[in-house]
Amino acid sequence: MPSLADTPHCRRCGTCCRLGGPALHRPDLPLVTGGLLPVTALRTLRRGEYVTDNVAGGIGPAPAELVTLAPGPDGRTCRFFTPPGTCAIHADRPLECRLLFCDAPQALAAAYDRDRLSRADILGPAHPLAALCAEHETVVDLLRLANLCRLALAGDTTARDEALTLIRYDAAYRELLPAKAGVPAQAVPFYLGRSPREALPAARALLARCGLYKAGPSA
């Protein structure tokens, strides 16, 4: 019979917590609806956004939308982690945290891309901001925007103008939600995801070339 030392178990060393917060799955929805994970503690990684895949390895465009725990002040470590190894919500931690064992990642690898939650799952069709989020997603499509930015960087001025228009449109939405809809600034990354400059290397390069690091509605 294997000893306890041979059985995979969490040592609460904090290694996985320092690599970022987990993506949420359908079994995690009660944590959100019950208030343990408010939208101010979440962020959306949109389809086409460049993300790090800690399971498959590498960095590339996300094939589908996913909602994760927003990081803490350092921009990466899970917001609920306190060194050296304390989790503020350990008893009610999300599914990926429950599945992950550093020495035996097979359970997480088998489940990490299944039944992931999206904004639509969390908000529901009746939420007053659901349609606004869907419209923003359609207009500021990151896959299309990334292609426009690449064309612009290659010298296509029409693509440049269109890309900058979409980036300004995105910035206007980010001003609109707190100013007109009363959305806390901390919740904007959930409702709209990260800005194009943060989400797309090509957008960041284009804005640097154009001198628009903080492109806003009037930029």
Self-check item: Contact summary for Leu36 and Pro38, nearest pair of heavy atoms
Solution: O-CD, 3.3 Å
Practice problem: Look at the side chain of Arg209 and the backbone N and O of Leu206, then say whether any donor-acceptor pair between them is shorter than 3.5 Å. | Solution: no
Quiz item: Would you call Arg47-Glu137 a salt bridge at under 4.0 Å N-O?
Solution: no
Quiz item: In the single-linkage hydrophobic clustering (I, L, V, M, F, W, Y; side-chain heavy atoms under 4.5 Å), do Tyr169 and Leu200 co-cluster?
Solution: yes
Quiz item: Are Leu164 and Cys210 close enough, and set up right, to give a side chain to side chain contact (heavy atoms under 4.5 Å, CB included), and what steps lead you there?
Solution: CA-CA 9 Å; Leu164 293 178; Cys210 297; 4.1 Å; yes
Self-check item: side-chain hydrogen bond (donor to acceptor under 3.5 Å, both in side chains) assessment of Thr138 paired with Glu135
Solution: CA-CA 5 Å; Thr138 299; Glu135 179 185 8; over 6 Å; no
Quiz item: Which pair of non-hydrogen atoms, one from Leu153 and one from Ala202, has the smallest distance, and what is that distance?
Solution: CD1-O, 3.8 Å
Practice problem: Search all heavy atoms of Val67 against all heavy atoms of Ser118 and return the closest pair with its distance. | Solution: CG2-C, 3.9 Å
Quiz item: When rounded to the nearest 0.5 angstrom, what is the spacing between CZ in Arg79 and CG in Leu42?
Solution: 8.5 Å
Exercise. Check whether any side-chain heavy atom of Val51 sits under 4.5 Å from a side-chain heavy atom of Ile59, and report yes or no.
Key: no
Practice problem: Tell me, with the steps shown, if Phe190 and Ile122 meet side chain to side chain contact (heavy atoms under 4.5 Å, CB included). | Solution: CA-CA 10 Å; Phe190 166 74; Ile122 292 172; 3.9 Å; yes
Self-check item: Inter-residue atom distance Asp161.CG - Leu166.CG, 0.5 Å rounding
Solution: 11.0 Å
Self-check item: Side-chain donor/acceptor of Asp28 to backbone N/O of Leu31, under 3.5 Å
Solution: no
Self-check item: Closest approach of Arg197 to Leu207 (non-hydrogen atoms, all atoms of both residues)
Solution: CB-CD1, 3.7 Å
Quiz prompt | Arg174 side chain to Arg194 backbone, donor-acceptor under 3.5 Å | solution = yes
Practice problem: Give, for atom CD of Glu49 and atom CG of Leu145, the distance between the pair rounded to the nearest 0.5 Å. | Solution: 11.5 Å
Quiz item: Can you tell me how far SG of Cys97 sits from CZ of Phe81, rounded to the nearest 0.5 angstrom?
Solution: 11.5 Å
Quiz item: Which pair of heavy atoms, one from Ala187 and one from Val183, lies closest together, and at what distance?
Solution: CB-CG1, 3.8 Å
Self-check item: Cluster link Val139 to Leu132, ILVMFWY, side chain under 4.5 Å
Solution: yes
Exercise. Is it possible for you to say whether Leu151 and Val140 belong to one hydrophobic cluster, with membership spreading through side-chain heavy-atom contacts below 4.5 Å?
Key: no
Practice problem: With rounding to the nearest 0.5 Å, note down the distance linking CG in Leu129 to NE2 in His136. | Solution: 12.5 Å
Practice problem: Please assess Thr68 against Thr44 for the test side chain to side chain contact (heavy atoms under 4.5 Å, CB included), listing each intermediate value before the final yes or no. | Solution: CA-CA 6 Å; Thr68 76; Thr44 298; over 6 Å; no
Exercise. Would you sort out whether Arg168 and Asp170 count as a side chain to side chain contact (heavy atoms under 4.5 Å, CB included), showing the intermediate values?
Key: CA-CA 5 Å; Arg168 292 186 179 103; Asp170 171 84; over 6 Å; no
Quiz item: Under 4.5 Å between any side-chain heavy atoms of Tyr191 and His127, yes or no?
Solution: yes
Quiz item: Do the side chains of Arg43 and Pro71 get nearer than 4.5 Å, heavy atoms only?
Solution: yes
Self-check item: Flag, side chain of Arg160 to backbone of Gly155, donor-acceptor distance under 3.5 Å
Solution: no
Exercise. Nearest 0.5 Å please: distance from the CZ atom of Arg46 over to the CG atom of Leu142.
Key: 3.5 Å
For residues 17-25, run the donor-acceptor check on the side chains, cut-off 3.5 Å, and write out each pair with its distance to 0.1 Å, sequence neighbours left out.
{"from": "Arg18", "atom 1": "NH1", "to": "Cys13", "atom 2": "O", "distance (Å)": "3.2"}
{"from": "Arg18", "atom 1": "NH1", "to": "Gly14", "atom 2": "O", "distance (Å)": "3.4"}
{"from": "His25", "atom 1": "ND1", "to": "Arg114", "atom 2": "O", "distance (Å)": "2.6"}
{"from": "His25", "atom 1": "NE2", "to": "Glu96", "atom 2": "OE2", "distance (Å)": "2.8"}

Quiz item: Minimum heavy-atom separation for Ala130 to Leu123, with atom names?
Solution: CA-CD1, 4.1 Å
